[in-house]
Amino acid sequence: MTPPPSELPERYDPAGTEARWQSAWDAERAFHAEPVARDGEPSPLPDAPKAYVLEMLPYPSGEIHMGHVKNYTMGDVVAHHRRRTGHVVFHPMGYDAFGLPAENAAIRTGEPPATVTHRNIAAIRMQLRRLGFSIDWDTEISTADPGYYRWTQWIFLRFLERGLAERREAAVNWCPADQTVLANEQVVDGLCERCSAPVELRQLPQWFFRITDYAQALLDDMDLLDDWPERVLTMQRNWIGRSVGARVVFRLADDPDVVIPVFTTRPDTLHGATFFLMAPEHPLVPRLVEGRPERDAVMSYLAGAARTAVAERSSMERPKTGVSTGRHVTNPATGEQIPIWVADYVLMDYGTGAIMAVPGHDERDFAFARAHGLTVRRVIAPEGVPADAPLEEVWAGPGRLVNSGPLDGMTVDEAGDAMCALLAARGDGEATVGYRLRDWLISRQRYWGAPIPVVNCDVCGVVPVPDADLPVLLPHVDDYAPRGQSPLAAALDWVSTTCPACGAPARRETDTMDTFVDSSWYFLRYTAPDLTEGPFRREVADYWLPVDQYIGGVEHAILHLLYARFFTKVLHDLGLVGTREPFARLFTQGMIHHHGAKMSKSRGNVVPPDEIIQRFGADTLRLYILFMGPAADDAEWSDSGVEGQRRFLDRVWRLVRGLPGDVDPGRPSADDLAGDAAALALVRKAEATVAKVSQDIAERFSFHTAISAIQELVNHATRDGAEGARDTAPVRMASWHAARTTVSLLFPFAPHIASELWAAMGGDRLWEEPWPQADPEFLTADIVTIVVQVNGKVRDRADVSPDITDEDLIALALALPKVQAAMGGAEPARTIVVPGRLVNVVVGGT
RNA sequence: GGGGACGUGGCGGAACGGUAGACGCGGCGGACUCAAACUCCGCUCAUGGAAACAUGGUGUGGGUUCGACUCCCACCGUCCCCA
C-alpha cells in the first residue's frame with residue numbers, strides 16, 4: 001500500500017498523510033483499552049502494567065486554543081511512549097460541559113444551553129481528532145449528559161447521608177452581574193473571577209460540602225504526592241492554612257449565658273485583649289443592640305459593610321472602621337469587662353466571626369485601637385525592655401510575658417501552652433487547630449448545571465430524592481436569565497412535586513451544583529462511561545486509579561485539584577474506591593503567549609490551531625508547541641518557529657526518501673561496521689539519541705530537548721548521506737538504522753508522518769512497535785575528547801582511549817605545549833581526573 | 001508584608017558541580033536558478049587578529065570548591081501564590 005522510500009512523493013503532504021492515518025487508527029480502534037466496566041458484563045483485568053494518562057478535560061467553548069494543543073500533545077507523547085514500553089494505556093477524553101458561557105449564550109439568543117453545548121462538543125471533538133491524539137474515543141464523556149450527572153447527583157446524596165453536604169444560611173459572595181453566588185475562590189480582588197463585577201455579600205440559604213472536615217487529611221496525604229510540583233503543594237498548603245491556637249470562650253458581661261467563642265493563634269496574649277470585635281455578618285450583632293441607643297448606628301454600619309468588597313475590607317492600607325455596640329464581654333483571663341465593637345475587617349468567614357483584639361501585639365488591632373481611642377496594653381516585652389515601657393508601636397515579635405498574672409516571665413510559646421491549660425481547666429476554651437480553608441459552597445442560582453437532588457417539604461423539611469428517581473433532569477424553561485433565583489424556579493411544573501417521604505406536595509430544590517463538582521470525579525467515570533449500575537465499578541476503578549500522569553494548567557493548582565482530592569477521599573471512606581489520592585504524578589504546564597500576553601479574543605492575539613494545521617499540518621504544530629521551551633514555562637508563540645519545525649519534517653521526509661535502496665538491510669552489529677568510522681559514528685549517534693529521548697520523555701518531561709536530540713540525529717545522518725555517493729554495506733546499514741531510529745523516536749511527537757515513513761521503510765503499526773532500546777555496544781565510544789585544564793581554565797583538549805589510566809592521562813596532559821605554557825614552569829601541586837571528561841592541573845598557591 | 005520561582009547571544013532556549021551558548025528562529029555570505037521560491041553549504045557571544053589564537057563573558061557583590069550558569073549569603077529586577 002505505502003510505496004517504498006524511493007517512490008515516496010517528492011514533497012511531504014501533511015493533509016493527506018494525516019487524514020489517512022487518522023482513519024486507520026479509527027478503523028481498528030487502535031487506542032482503546034480494556035478494562036471498561038459495562039452493565040452486566042465482567043471486566044477481566046489484564047496482567048500487563050497499566051498507565052492511566054490524563055489531561056484536564058476541556059470546557060467545550062467550541063474552539064480549542066494553543067493551551068489545549070500543548071496540554072494534549074504532552075499527554076499524547078507520554079501515552080504513546082508508555083504504550084510502546086509495554087503498558088496498557090488508558091488515555092480518555094471528555095468535556096466539562098456545564099457552566100456559565102453556554103447559559104449566557106442562551107440568555108442572549110434563547111437557544112437552549114444543551115443545544116449550544118452539543119454543537120460545541122462536536123466542534124471541539126473534530127479539532128482534537130484533527131490533531132491525531134491517541135485518545136480512547138470509546139470512553140468519551142460529557143458532564144452535562146444525564147447519564148453522567150445522574151451519578152454526580154448520586155454522589156451528592158452519599159455526601160448528604162454522611163453529613164458532608166448541608167444547607168445553611170450564610171453570608172455569601174454575590175455577583176450582581178451574573179446574579180449568582182460565588183465560592184470564595186471565584187472572587188479575585190473583590191471581583192467576580194468570570195465577569196469582573198464587584199462582588200457583594202448576601203445572607204442566603206446555601207448548600208455546602210464540608211471539605212473542612214477533610215482539611216487535615218488533605219494536608220497529611222500530601223506525603224503521598226512525591227511526584228507533584230513542590231509549588232502546587234505549597235499553594236495547597238497555604239490555601240488550607242493550618243494554624244495552631246486556641247478556642248477561647250467569651251461571655252456577655254451582663255448575661256453570662258450568652259457565649260461568643262473566638263479562635264486565636266495567640267492565646268498567650270489574652271491578658272492584652274482590651275476590646276472585642278465582631279464581623280458585621282455575625283448573627284448575634286442585631287440582638288446585642290436591639291432596643292439600645294447604639295442600634296441605628298450599628299445597623300447602618302452593617303448595611304455599609306454589605307456593600308464593601310471583602311478584599312477591600314481586609315486590606316491593610318484601608319483605615320480601620322468600626323462602631324461600638326455599647327455592650328461588653330468578660331475577658332476570661334483578667335475578668336475585665338471589655339467593649340464589643342463591630343468592625344468590617346473581621347470576616348464572618350474566618351474563624352468564628354469574632355475576635356479578641358490585642359492591640360499591643362497585632363498590627364490591625366493596633367491600628368483599630370489608635371483610630372478609636374481604645375486601650376493598648378503591653379503583655380510582651382522583648383529582651384531588655386521593661387514591663388511598663390510604653391508601646392509606641394505594635395510588637396509582634398518574641399519576648400517574655402508581662403502584665404499577665406500567672407504567665408509573667410514566660411516566653412511566648414510557654415505562655416501559649418500555659419494559657420490553653422488554664423482555659424481548659426476552667427472550661428473557658430482549649431487548644432485547637434484552625435484552618436483557613438472554608439467549606440465549599442456548591443449551590444448556584446443557575447440553570448446549566450446538575451440539579452441538586454433534594455425536595456423541600458413543609459412537613460419533612462429537606463428530603464433527598466430517592467436513588468431510583470435519579471437523574472433529576474433539567475426541565476425546559478423559556479427564559480434563562482437569572483432573576484435573583486435560579487431560572488429553574490420558573491419551571492413551575494417541574495418545581496412542584498410530592499415529598500418522597502410523606503407524599504405531601506413539595507417543591508424541588510432549584511439550585512444547581514458548581515461545575516467544579518462535576519469535574520471532581522470524572523476521572524473515575526471514564527472507567528465506566530456508560531454504566532447504569534453505578535457511577536463506576538470498584539475493581540475496574542481500582543485497576544486504573546490513581547492516574548499515573550495528570551497534566552494541566554497551573555491555574556487549577558488549588559481549586560480543581562483540591563476538590564478532586566477531597567472527592568476521592570470521601571469516595572474512599574465510603575468504600576467505593578481503594579485509592580485516597582486521584583493523581584499520583586502531576587505536571588503543570590505553562591501558558592502560550594503571543595505579542596507578550598496571554599492569547600485572548602479581547603486582545604485579538606489568538607492564533608487558531610486549525611489555521612496552523614491547515615498551513616503546516618498537525619504534526620508540525622504538535623512538534624512546535626513542545627519545541628517552544630520547557631513545558632512548565634510560559635512560552636511566546638512565533639510563526640517562524642513553526643516554519644522551522646515544518647522544515648525539519650521536510651528534512652526527515654527527504655532523509656527517508658533518499659535512503660540507499662528500498663529494502664531494510666537490517667540492524668547493524670559492530671562487526672558489520674568494522675572499518676567504516678563514519679558509519680559507526682552515525683550508529684553511535686542514533687543509539688545515544690535513543691537513550692537521550694527515552695530519558696527526556698519518561699523521566700524529565702523535557703520534550704523540547706528530546707526533539708532537539710532527534711534533530712541532531714537527522715542533521716548527522718543528512719550530512720553523512722550528502723557526503724558520499726558511497727553505497728557500501730556499512731553505510732547502507734548505518735543510514736537505514738539512523739532513519740529507522742529517527743522515525744521511531746519521532747512517532748510520539750509527530751505520529752502521522754512517522755507512521756507513513758515507517759510503512760515506507762517496510763514497517764507495520766508503529767504505534768505498537770516496541771520502543772527502541774539503546775544498544776550498549778554502541779553507547780561507548782572508542783575515542784573520547786578529554787578537556788585539559790590548568791587551575792580550572794580550559795587550555796587544550798586531547799583525544800584518547802576511554803580506557804586510558806589516570807597516570808597516562810596526566811603524563812599526556814603535562815606534556816601538552818599549551819599546558820606547559822599555562823603552567824609557566826611551575827610544578828603541579830595536584831591533579832584532578834574526571835574519567836572520560838577532563839584533567840585539571842593545579843599549580844601555585846591556589 | 002510573608003512564601004515561592006526565575007534572570008545565559010538579536011530571540012526561544014541548552015548545559016542534572018567538569019568544553020557555556022546544543023537545537024531552532026532571525027541575520028550575513030555562497031552554491032543551484034535566466035530570475036525567484038524551495039533546497040544545500042559556510043559563518044553568526046564580545047573585543048583584538050587575515051588566521052592560528054588570546055582575553056573577557058551566564059543580573060550585581062561576596063562565599064564554598066581543584067573547578068560554579070549550576071551550591072550558599074546579600075542585593076537588584078521580573079513573574080506567581082498568599083495576605
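Note on naming: letters A, B, ... go to the chains in the order of the sequence lines (proteins, then strands), and numbering restarts at 1 for each one. None of these values were measured; they are calculated from a predicted model.
- Taking only side-chain nitrogens and oxygens, A:Arg654 comes nearer than 4.0 Å to OP1 or OP2 of B:C40.
- For A:Thr785, the side-chain hydrogen bond (donor to acceptor under 3.5 Å, both in side chains) test picks out A:Asp799, with sequence neighbours left out.
- Picking from B:G24, B:A15, B:G18 the nucleotide with the shortest atom distance to the side chain of A:Gln645 gives B:G24.
- Nucleotide B:U64 forms no Watson-Crick or G-U wobble pair with any nucleotide shown, as no partner meets the under 3.5 Å limit on both distances.
- Classification of the A:Tyr563-A:Trp440 ring pair by plane angle, with boundaries at 30° and 60°, yields parallel.
- A donor-acceptor pair is defined here as one N or O able to donate and one able to accept, closer than 3.5 Å; such a pair exists between the side chain of A:Asp634 and the backbone of A:Met591.
- Taking atom CG on A:Leu233 and atom P on B:A5, their separation rounds to 13 Å, with Å as the unit.
- A close approach under 4.0 Å does not occur between any side-chain nitrogen or oxygen of A:Asn715 and OP1 or OP2 of B:A22.
- The gap from the C1' atom of B:G57 to that of B:G21 amounts to 11 Å, rounded to the nearest Å.
- Distances from the side chain of A:Glu712 to the nucleotides B:G3, B:A22, B:C25 place B:A22 closest.
- In the set B:U19, B:G18, B:A14, B:A14 carries the atom at the smallest distance from any side-chain atom of A:Thr705.
- Checking the phosphate oxygens (OP1, OP2) of B:G42, no side-chain nitrogen or oxygen of A:Arg719 falls inside 4.0 Å.
- Residue A:Val834 is classed as a base contact, given a heavy-atom separation below 4.0 Å to a base.
- The closest donor-acceptor contact from the side chain of A:His80 to the backbone of A:Phe747 lies at 3.5 Å or more, if one exists at all.
- Here the P atom of nucleotide B:C11 and the CE atom of A:Met628 are 17 Å apart, to the nearest Å.
- The residue A:Gln695 sits close to a base: some heavy atom pair falls under 4.0 Å.
- Atom-to-atom, CZ of A:Arg657 to P of B:C38 comes out at 19 Å; the value is rounded to the nearest Å.
- Pairing of B:A5, defined by two Watson-Crick or G-U wobble distances under 3.5 Å, is identified with B:U78.
- A:Glu636 comes within 4.0 angstrom of nothing in the nucleic acid, heavy atoms only.
- Taking the C1' atom of each, B:G61 and B:C76 are spaced 11 Å apart, rounded to whole Å.
- Within the structure, salt bridge (charged side-chain N to carboxylate O under 4.0 Å, His left out) contacts touching residues 692-705 of chain A (residues at least two apart or in different chains) are A:Lys692-A:Asp696, A:Asp696-A:Arg700.
- Taking the nucleotide of RNA chain B with the nearest heavy atom to each of A:Gln789 and A:Gly629, the more 5' of the two is matched to A:Gly629.
- Annotation: B:U60 and B:G56 have their P atoms spaced 16 Å apart (nearest Å).
- For A:Val842, taking side-chain heavy atoms from C-beta onward, the closest of the listed nucleotides B:C40, B:C66, B:C25 is B:C66.
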Which atom pairs link the protein and nucleotides 78-82 of chain B when you take only N or O atoms and keep those under 3.5 Å?
{"residue": "B:C82", "atom": "O3'", "partner": "A:Arg436", "partner atom": "NH1", "Å": "3.3"}

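- The same atom, P, is picked in B:C75 and in B:C69; the two are 23 Å apart, to the nearest Å.
- For the pair A:Asp633 CG and B:C6 P, the interatomic distance rounds to 9 Å; values are reported in whole Å.
- In this structure, B:G61 is classed as anti because its glycosidic torsion departs from zero by more than 90°.
- Distance from the side chain of A:Phe627 is smallest to B:G12 among B:A20, B:G12, B:C66.
- For the atom pair CG of A:Asp650 and CD of A:Glu10, the computed distance is 11.0 Å after rounding to the nearest 0.5 Å.
- Counted by atom type alone, A:Ser702 and A:Thr705 present one or more donor-acceptor pairs between their side chains at under 3.5 Å.
- Listed for the A:Asp439 side chain is a donor-acceptor partner under 3.5 Å among the backbone atoms of A:Ile211.
- Ring geometry for A:His560 versus A:Phe583: interplanar angle of 30 to 60°, hence tilted.
- Not a single donor-acceptor pair, N or O on each side, falls under 3.5 Å between the base of B:G1 and the side chain of A:Glu363.
- The side chain of A:His704 places no N or O atom within less than 4.0 Å of a non-bridging phosphate oxygen (OP1 or OP2) of B:G12.
- Straight-line distance from the CG atom of A:Asp696 to the P atom of B:A15: 8 Å, rounded to whole Å.
- Side chains of A:Thr805 and A:Asp808: a donor on one and an acceptor on the other come within 3.5 Å.
- The CZ atom of A:Phe703 sits 19 Å away from the C1' atom of B:A22 (whole-angstrom rounding).
- Checked against B:C40, B:C16, B:G13, the side chain of A:Arg700 finds its nearest nucleotide in B:C16.
- Between the OH atom of A:Tyr624 and the P atom of B:C11 there is a distance of 16 Å, given to the nearest Å.
- Look at the P atom in both B:U19 and B:A74: the space between them is 29 Å, to the nearest Å.
- Computed from coordinates, the A:Arg646 CZ to B:C38 P distance equals 13 Å when rounded to whole Å.
- Taking atom C1' in both B:G1 and B:U55, one finds a spacing of 47 Å when rounded to whole Å.
- A gap of 47 Å separates the P atoms of B:G62 and B:G30, to the nearest Å.
- Rounding to the nearest 0.5 Å gives a distance of 11.5 Å between CG of A:Leu233 and CZ of A:Arg231.
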Would you tabulate the pairs of protein nitrogen or oxygen atoms and nucleotide nitrogen or oxygen atoms of nucleotides 51-59 of chain B closer than 3.5 angstrom?
{"residue": "B:U55", "atom": "OP1", "partner": "A:Arg795", "partner atom": "NH1", "Å": "3.2"}

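- When distances are taken from the side chain of A:Pro630 to each of B:G13, B:U19, B:G12, the shortest belongs to B:G13.
- Nucleotide B:C25 forms a pair with B:G10, judged by Watson-Crick or G-U wobble geometry with both contacts under 3.5 Å.
- Rounded to whole Å, the separation between the P atoms of B:C71 and B:G4 comes to 15 Å.
- Partners of A:Gln216 by side-chain contact (heavy atoms from CB on, under 4.5 Å), not counting sequence neighbours, listed by chain and number: A:Leu219, A:Asp220, A:Arg242, A:Tyr435.
- A 3.5 Å limit on both hydrogen-bonding distances identifies B:U39 as the Watson-Crick or G-U partner of B:A31.
- Every ring pair (Phe, Tyr, Trp, His ring centres under 6.0 Å) that A:Trp653 has, sequence neighbours left out, goes to A:Tyr12.
- Taking the nucleotide of RNA chain B with the nearest heavy atom to each of A:Ser708 and A:Gly644, the more 5' of the two is matched to A:Ser708.
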